[in-house]
Amino acid sequence: MAANTYLTGIKPTGDFHLGNYVGAIKPALAASHEYDTYYFIADYHALNTIKDAEELRHSIRSGAATWLACGLDPERTIVYQQSHVPETFELTTVLSALTPKGLMNRAHAYKAARDRNVAAGVTDLDAGINMGLFNYPILMAADILVMEGTHVPVGRDQTQHIEYTADIAGYFNHRFGDAYSFPIPKGVIDDSDASILPGVDGRKMSKSYDNHIPLFLPENKLKKAIRRIPTDSTPVEEPKDPDGSVPFQLLQHFAADDTVADVRKRLQAGGMGWGELKNELFEAVNAEIGPKRERYEELMANPEEIDAILRKGSERARVRARATLDRVRTAIGAA
Ligand code: TRP
């Protein structure tokens with residue numbers, strides 16, 4: 001077994017945006033060239049929000065196709081679908097028996113849902129909250145532990161989930177560690193400037209701020225979305241501050257260094273308008289994303305190809321999951 005296993009789950013809800021590409025997809029692809037990587041579509045986590053079969057099926061394929069189109073190589077990385085590894089759910093049951101309910105009561109997502117009920121004046125604080133939301137952190141712990149994940153690349157918002165996974169692994173190891181111990185996983189959180197893309201309003205790009213640009217917008221819509229990025233009214237001839245402008249910040253993530261340096265000079269010298277900067281930005285984004293968009297559309301037109309990749313990856317993932325479960329069953333006395 002390799003010492004380090006990088007594992008992450010992709011929640012297939014909603015379409016990906018440029019911020020996800022820069023902040024999550026690109027770093028995860030880079031890691032796949034260095035480490036043993038397991039990346040999966042967390043469809044049973046998505047079931048908490050998606051209650052329509054066609055929508056879930058589409059979201060699974062779209063999530064997988066997005067990552068594949070961006071260059072995820074299913075030979076190099078084990079790419080799979082959470083629900084196709086049933087050992088995960090067996091492990092969830094085992095871990096539930098070891099996890100104090102109080103820990104779950106303190107989980108951010110659950111507490112936030114209750115707070116919304118408080119704010120709305122609803123007396124039953126659990127109204128509208130299903131057990132899937134409550135158990136979410138245990139399922140996530142099982143995702144990680146069933147593959148003996150050691151490194152978990154996630155966004156900062158997932159920090160508590162990783163801490164919970166470490167706690168839950170600790171409960172198990174404390175009880176049964178003589179027979180079998182889970183490795184304690186660590187979150188890999190990349191907060192570097194290189195991984196944070198600003199949205200059209202300058203804050204971090206995020207669906208919740210509604211300042212995002214979808215990853216696979218058709219070319220003409222991408223152009224329009226870039227044109228609509230707010231800029232100040234400095235006239236074309238006047239010198240401009242590149243770093244204070246969102247299109248320039250975005251350009252730094254997509255254009256080659258010499259293009260960025262050249263545009264910086266031209267903005268500072270005066271004579272380059274925001275419109276021209278936006279054209280440069282469109283060209284740079286489209287050059288990088290265009291071929292991926294085509295591949296995405298090709299995959300979505302051939303869903304059997306996506307399904308076959310997920311099926312094959314899930315079989316490979318199950319080999320590892322089964323080995324873990326065998327040890328767990330023996331350790332707890334169920335086998
Ligand atoms: N909760 C993660 C998110 O919302 C998705 C996820 C599910 C995950 N299982 C995981 C991430 C296991 C890392 C490891 O983004």
Side-chain angles (χ1 to χ4, degrees), residues 13-31 66-67 69-71 153-159 188-296:
T13 44
D15 290 333
F16 292 80
H17 55 70
L18 292 175
N20 301 133
Y21 174 71
V22 167
I25 300 180
K26 265 175 52 170
L29 293 181
T66 299
W67 281 67
C70 286
V154 281
R156 182 152 295 287
D157 62 320
Q158 297 295 310
T159 311
V188 180
I189 294 168
D190 180 359
D191 269 345
S192 66
D193 287 350
S195 75
I196 295 182
L197 192 74
V200 297
D201 61 358
R203 293 184 290 173
K204 181 184 172 177
M205 190 177 284
S206 157
K207 235 169 263 161
S208 49
Y209 293 151
D210 199 21
N211 63 357
H212 60 290
I213 298 179
L215 180 56
F216 293 137
L217 274 185
E219 209 169 290
N220 56 341
K221 292 206 170 144
L222 175 64
K223 197 177 260 172
K224 276 194 202 139
I226 290 176
R227 287 241 175 84
R228 277 199 304 266
I229 300 173
T231 39
D232 64 28
S233 52
T234 319
V236 175
E237 343 48 90
E238 268 180 43
K240 297 173 186 64
D241 168 25
D243 298 303
S245 103
V246 170
F248 185 77
Q249 289 164 15
L250 289 169
L251 187 74
Q252 289 174 303
H253 288 272
F254 290 95
D257 290 348
D258 49 349
T259 307
V260 174
D262 175 60
V263 170
R264 175 188 290 283
K265 265 195 222 129
R266 289 163 61 207
L267 285 167
Q268 285 169 336
M272 183 181 204
W274 295 130
E276 203 185 333
L277 166 61
K278 289 176 181 178
N279 288 342
E280 291 277 0
L281 175 60
F282 166 74
E283 293 302 335
V285 174
N286 199 47
E288 176 148 351
I289 303 298
K292 299 176 169 64
R293 182 200 303 123
E294 266 174 46
R295 177 66 183 137
Y296 171 80

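Quick caveat: nothing in here was measured; it's all calculated off a predicted structure.
Considering all non-hydrogen atoms of both residues, Ile213 and Met205 come closest at N-SD, 3.6 Å. The shortest non-hydrogen separation linking Asp243 to Arg264 is OD2-NH1, 2.9 Å. Between Ile196 and Lys204, the shortest heavy-atom distance links the atoms CG2-CG, 3.8 Å. Phe282 approaches Lys223 most closely through the heavy-atom pair CE2-CE, 3.5 Å. Closest approach of Val22 to Lys26, counting heavy atoms only: O-CB, 4.1 Å. Nearest heavy atom pair, residue Pro198 against residue Gln249, reads CG-OE1, 3.5 Å.
Looking at heavy atoms from C-beta onward, Thr234 lies out of side-chain contact with Asp241 at the 4.5 angstrom threshold. Counting only heavy atoms from C-beta outward, the side chains of Leu215 and Cys70 approach each other to under 4.5 Å. Side-chain contact between Leu18 and Leu250: absent, with no pair of heavy atoms (C-beta onward) separated by less than 4.5 Å. Inter-residue side-chain proximity for Tyr21 and Glu288 is flagged as met; some heavy-atom pair is nearer than 4.5 Å. With contacts defined as side-chain heavy-atom distances shorter than 4.5 Å, the pair Leu277/Phe248 qualifies. Between Asn279 and Arg227, the closest side-chain pair of non-hydrogen atoms falls below 4.5 Å.
Using a distance-only test at 3.5 Å, with no hydrogens or angles considered, a donor-acceptor pair links the side chain of Arg293 to the main chain of Leu217. The main-chain N or O of Gly71 is never found under 3.5 Å from a side-chain atom of Lys292 such that the two would form a donor-acceptor pair. Side chain of Gln268 to main chain of Lys240: no donor-acceptor pair is present (N/O by atom type, distance under 3.5 Å, no hydrogens or angles).
To the nearest 0.5 Å, atom CZ of residue Arg228 and atom NZ of residue Lys278 are 10.0 Å apart. Atom CZ of residue Phe16 and atom NZ of residue Lys207 lie 7.5 Å apart, to the nearest 0.5 angstrom. Rounding to the nearest 0.5 Å places CZ of Phe216 at 5.0 Å from OG1 of Thr66. In this structure, CG on Leu281 lies 10.5 Å from CG on Asn286, to the nearest 0.5 angstrom. Interatomic distance, NE2 of His212 versus NE2 of His17, reported as 6.5 Å (0.5 Å rounding). With rounding to the nearest 0.5 angstrom, the OG atom of Ser206 is 9.0 Å from the CG atom of Asn20.
Residue-environment remark: CG (Asn220) exceeds the threshold of 12 foreign heavy atoms within 6.0 Å.
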**OP:** Show your reasoning for whether side-chain contact (heavy atoms from CB on, under 4.5 Å) applies to Gln252 and Asp193.
**Re:** CA-CA 11 Å; Gln252 289 174 303; Asp193 287 350; over 6 Å; no

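Under the side-chain contact (heavy atoms from CB on, under 4.5 Å) rule, Trp274 has a single partner from Ile229, Val236, Val246, Leu267, which is Leu267. No option in Val285, Val260, Thr259 other than Val285 meets the side-chain contact (heavy atoms from CB on, under 4.5 Å) test with Phe254.
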